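Right, one structure below, let's go through it.
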Amino acid sequence: MLPEPLRDRWREAFASSYSPVPWLNQQVLARFMTDGSWDRHLRRVQAKNRRKYETLTRVLRATMGNDVEMLENGTGLHLLVRVRDGRPQDELVRQAAEADVAVYPTKKYWTDPARHVSSTVLVGFSSIAEDDIEPGIRALAAAWFG
């Protein structure tokens, strides 16, 4: 719901507009956000993702040790992993895929392609079950380092 001072201006500006979102969905979402459910949901998701992040970084350190460097800042739903032996990221992505592990190239994210670090890949964890992180990283370590 808009604050009262904006409501009349909004109605005037959008009187002939059709909202693609049904009114009932809007009301349900508004209630979800105002009754505290949204905040509870966010806290649960943040706690879950924090556990996944901690599991991922712990397992990466344990299985790959000094062979990789984690370029991370303790936030987000992914981290960058740089393989210290200098292999190109296309090779790292291919080797991971052959082990049925998804990692992603980073070169498309660099504003200056000449400065991208070739041996760096993106490792995401938001859509992975926490119990699947360790087996996935072990498979990745085997694919990359034998």
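Given the structure is predicted, the values throughout are model-derived calculations rather than measurements.
Leu77 contributes atom CG, which lies 11.5 Å from atom CG of Leu56 (distance to the nearest 0.5 angstrom). How far CE of Met64 is from CZ of Arg138: 10.0 Å, rounded to the nearest 0.5 Å. Atom OG of Ser126 and atom NZ of Lys48 lie 10.0 Å apart (nearest 0.5 Å). Residue Asp132 holds its CG atom at 9.5 Å from NZ of Lys52, rounded to the nearest 0.5 Å. For the atom pair OG of Ser118 and CD of Gln89, the computed distance is 5.5 Å after rounding to the nearest 0.5 Å. The structure places CG of Asp90 at 11.0 Å from CD of Gln95, a figure rounded to the nearest 0.5 Å.
Residues Phe14 and Leu2 are members of one and the same hydrophobic cluster, defined by side-chain heavy-atom contacts under 4.5 angstrom among Ile, Leu, Val, Met, Phe, Trp and Tyr. Cluster membership for Ile128 and Val123, using ILVMFWY side-chain heavy atoms within less than 4.5 angstrom, is shared. No chain of hydrophobic side-chain contacts below 4.5 Å, direct or via other Ile, Leu, Val, Met, Phe, Trp or Tyr residues, connects Trp38 to Val45. Cluster membership for Trp144 and Tyr104, using ILVMFWY side-chain heavy atoms within less than 4.5 angstrom, is not shared. In the hydrophobic clustering of this structure, Val93 groups with Phe125; members are Ile, Leu, Val, Met, Phe, Trp, Tyr whose side-chain heavy atoms approach within less than 4.5 Å, directly or through other members.
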Derivation and outcome, side-chain contact (heavy atoms from CB on, under 4.5 Å), residues Val101 and Ile137: CA-CA 8 Å; Val101 177; Ile137 295 301; over 6 Å; no
Take Glu130 and Thr55, measure what side chain to side chain donor-acceptor pair (under 3.5 Å) needs, and give me the verdict at the end. CA-CA 8 Å; Glu130 189 176 352; Thr55 299; 3.3 Å; yes
List the steps, then state whether side-chain contact (heavy atoms from CB on, under 4.5 Å) holds for Val83 with Asp67. CA-CA 6 Å; Val83 176; Asp67 291 330; 5.9 Å; no
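A donor-acceptor distance shorter than 3.5 angstrom exists from the side chain of Gln26 to the backbone of Val21, with no hydrogens or angles considered. For the pair Arg82 (side chain) and Val121 (backbone), a donor-acceptor distance under 3.5 Å is absent.
For the pair Val103/Leu140, a side-chain contact is recorded, criterion being any heavy-atom separation below 4.5 Å from C-beta on. Residues Leu71 and Val81 are not in side-chain contact: their nearest non-hydrogen atoms beyond the backbone lie 4.5 Å or more apart. No side-chain heavy atom of Asn25 sits under 4.5 Å from any side-chain heavy atom of Leu29.
Using bins of under 30°, 30° to 60° and over 60° for the plane-to-plane angle, the ring pair Phe32/His41 lands in the tilted bin.
Other residues, nucleotides and ligands place no more than 12 heavy atoms under 6.0 Å from the CD atom of Glu12. For Arg84, the CZ atom sits in a packed shell: over 12 heavy atoms of surrounding residues, nucleotides or ligands are nearer than 6.0 Å. By the neighbour-count criterion of 12 heavy atoms within 6.0 Å, atom CG of Asn66 is sparsely surrounded, having that number or fewer from other residues, nucleotides or ligands. Heavy atoms from other residues, nucleotides or ligands lying under 6.0 Å from CG of Asp85 number more than 12.
Legend: residues meeting side-chain hydrogen bond (donor to acceptor under 3.5 Å, both in side chains) with Gln27, ordered by chain and number and at least two apart, are absent.
A salt bridge links Arg7 with Glu4: at least one charged nitrogen is closer than 4.0 Å to a carboxylate oxygen. With salt bridges taken as basic N to acidic carboxylate O contacts below 4.0 Å, none links Glu54 and Arg58.
The cationic group of Arg87 lies under 6.0 Å from the six-membered ring centre of Phe145 and within 45° of the ring axis, placing it in a cation-pi geometry.
Contact between Ala99 and Ala139 at its shortest, heavy atoms only, is CB-O, 4.0 Å.
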